[in-house]
Amino acid sequence: MEQSVNLSSLLEAVRNAPDGVTMFLHRKTGEVLRISDDVLRRAQLQAPDARDDEEFRAAADVVAATEDDYLPLPNRLEVDESALMEAFVRELSNPMMRTMLERELTGTGRFRRFQDRVVELGLQEDWNAYRLDGYLEFMRQWCRARSVPYSE
């Protein structure tokens, strides 16, 4: 039987995973494993070295397991933050604010410009809550698509 996972904890694992690290969900226990891509490659090649430790053993377990035992968690970049920004702007009731933010949604540097304008307009708390809801919905859909039971 699979363990129910806490959606917020799962989201934090995804959002806080540094580059060069893959996070895995152990379906049976609900545990999230953090394995560096280098260690995962060594485990795939069955090439231990003198530094082998708990992370290498976990990676070896992931490699040896069936694909249903461990699920790689999505990369934080898989969330379409541009779509979240656009939806947030569409839902603003103030037309002036909506117009100002719409201008920031195109071109290079749009994420930084959008964030700066959100702060300038005093919408940072609203944006952060909206963004968190978007990330949580992404994780709900990810869990449902893989039949992972979750709690909120």
Side-chain angles (χ1 to χ4, degrees), residues 1-41 43 53-59 61-63 65-152:
M1 169 140 176
E2 291 182 8
Q3 180 73 29
S4 178
V5 296
N6 179 279
L7 200 62
S8 294
S9 297
L10 208 56
L11 177 58
E12 283 307 305
V14 169
R15 289 177 72 181
N16 294 324
D19 293 337
V21 169
T22 301
M23 306 295 274
F24 290 91
L25 173 64
H26 187 237
R27 291 181 74 112
K28 291 178 184 168
T29 65
E31 179 185 8
V32 174
L33 301 174
R34 173 186 169 143
I35 302 175
S36 76
D37 295 344
D38 290 338
V39 171
L40 191 57
R41 270 190 292 281
D53 53 13
E54 188 175 327
E55 184 182 19
F56 181 83
R57 287 189 296 280
D61 286 347
V62 168
V63 169
T66 68
E67 62 184 58
D68 287 338
D69 289 338
Y70 291 94
L71 292 173
L73 293 179
N75 182 300
R76 68 183 177 275
L77 299 177
E78 291 179 48
V79 176
D80 188 352
E81 196 146 340
S82 289
L84 286 176
M85 292 185 321
E86 291 168 6
F88 175 75
V89 170
R90 279 193 306 273
E91 292 182 19
L92 288 173
S93 59
N94 183 313
M96 181 192 71
M97 288 181 175
R98 194 170 46 245
T99 299
M100 291 175 79
L101 285 172
E102 283 172 346
R103 289 184 194 141
E104 308 302 346
L105 293 176
T106 60
T108 304
R110 67 184 174 275
F111 294 103
R112 174 83 276 154
R113 287 193 321 273
F114 178 84
Q115 184 65 35
D116 290 345
R117 184 70 70 185
V118 161
V119 170
E120 179 183 305
L121 296 172
L123 297 171
Q124 188 169 13
E125 195 171 302
D126 293 336
W127 163 240
N128 288 339
Y130 190 90
R131 183 176 177 227
L132 177 61
D133 287 345
Y135 272 88
L136 285 169
E137 182 55 29
F138 175 84
M139 290 309 302
R140 282 184 204 102
Q141 291 175 12
W142 183 88
C143 287
R144 283 186 214 119
R146 288 152 186 84
S147 301
V148 173
Y150 64 89
S151 61
E152 302 237 6

**Report entry** With sequence neighbours excluded, residues passing side chain to side chain donor-acceptor pair (under 3.5 Å) with Tyr150
**Finding:** Arg144
Query raised in the report: Could you go step by step and tell me if Thr22 and Ile35 meet the side-chain contact (heavy atoms from CB on, under 4.5 Å) rule?
Result: CA-CA 5 Å; Thr22 301; Ile35 302 175; 5.6 Å; no
Query raised in the report: salt bridge (charged side-chain N to carboxylate O under 4.0 Å, His left out) with Asp126: which residues, sequence neighbours excluded?
Result: none
Query raised in the report: So, for Arg27 and Ser147, which heavy atoms are closest and what is the spacing to 0.1 Å?
Result: NH2-O, 3.3 Å
**Report entry** Set of residues satisfying ring pair (Phe, Tyr, Trp, His ring centres under 6.0 Å) with respect to Tyr130, sequence neighbours excluded
**Finding:** Phe88
Query raised in the report: Salt bridge or not for Arg113 and Asp116, using N-O below 4.0 Å?
Result: no
Query - Which residues share a ring pair (Phe, Tyr, Trp, His ring centres under 6.0 Å) with Phe24, sequence neighbours left out - result: none
Query - side chain to side chain contact (heavy atoms under 4.5 Å, CB included) against Asn6, all qualifying residues, sequence neighbours excluded - result: Ser8, Ser9, Ser151
Query raised in the report: Hey, is CD on Glu125 packed in by over 12 heavy atoms from elsewhere, all under 6.0 Å?
Result: no
Report summary line: Taking every heavy atom of Val148 against every heavy atom of Trp142, the minimum-distance pair comes out as CG2-CZ3, 4.4 Å
**Report entry** Pairing residues for Glu120 by the salt bridge (charged side-chain N to carboxylate O under 4.0 Å, His left out) criterion, not counting sequence neighbours
**Finding:** Arg117
Query raised in the report: Are any of the side-chain nitrogens in Glu81 or Arg131 under 4.0 Å away from the carboxylate oxygens of its partner?
Result: yes
